[in-house]
Asker: 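Take a look at the following structure, please.
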Amino acid sequence: MEKLVLIVHSISALVIIVLILLQQGKGAATGASFGSGASQTVFGSDGGGSFFTRATAIFATIFFVLSLTLAVMAKNHSKVAVQGIPAVPAAAQPAQAPANTDVPAAQNQAAPAASDVPTTTEQSK
């Protein structure tokens, strides 16, 4: 369904571009006084203005409705919008050691792991 809406949306965007490029500007009517008015008889005596204007309005409405439809579809498919921010699973969280209040802080820390990097006391030997 979403692909169909995307295809129709893209086609309507291209049709709007073509219709806007085919429309004549407001200054095009001044050319009729110099003899170029006969080229507008294809769309009637009024020219293609009303046809292109009406077609542009129809396709612009289709484009607008499809844009809103795609926005609603994207919102509904988004996991964050539907379920909120996902929580980190309990297995992925690091285990925390329970706090011992009987043992002083210096004894509560684990011994450092053996390392291949020499410490400053080993360098002086």
Asker: Measure the CZ-CG distance between Arg54 and Leu19 for me, rounded to the nearest 0.5 Å.
Answerer: 13.0 Å

Asker: What about Leu4 and Phe63, same hydrophobic cluster or not, with Ile/Leu/Val/Met/Phe/Trp/Tyr joined at side-chain heavy-atom distances under 4.5 Å?
Answerer: yes

Asker: What's in the same ILVMFWY side-chain cluster as Val72, cut-off under 4.5 Å, chained through other members?
Answerer: none

Asker: What I want to check is whether the side chains of Thr53 and Gln23 have a donor and an acceptor closer together than 3.5 Å.
Answerer: no

Asker: Please report the interatomic distance CD(Glu2) to CG(Asn76), rounded to the nearest 0.5 Å.
Answerer: 10.5 Å

Asker: Listed by chain and number, what are the side chain to side chain contact (heavy atoms under 4.5 Å, CB included) partners of Ile17, not counting sequence neighbours?
Answerer: Leu21

Asker: List the residues meeting side chain to side chain contact (heavy atoms under 4.5 Å, CB included) with Val18, not counting sequence neighbours, and say none if there are none.
Answerer: Leu22

Asker: Side-chain heavy atoms under 4.5 Å apart, restricted to Ile/Leu/Val/Met/Phe/Trp/Tyr: what other residues fall into the cluster of Leu68, or is it alone?
Answerer: Phe64

Asker: For the hydrophobic clusters of this structure (ILVMFWY residues joined by side-chain heavy atoms under 4.5 Å, transitively), does one cluster hold both Leu66 and Ile58?
Answerer: yes

Asker: As an exercise, state the distance from OG1 of Thr69 to CE of Met1, rounded to the nearest 0.5 Å.
Answerer: 8.0 Å

Asker: I need the full list of side-chain hydrogen bond (donor to acceptor under 3.5 Å, both in side chains) pairs touching residues 6-18, with sequence neighbours left out, sorted by first then second residue.
Answerer: His9-Ser67

Asker: Determine, using the 4.5 Å side-chain heavy-atom cutoff (strictly less than), whether Val65 and Ile11 are members of one ILVMFWY cluster.
Answerer: no

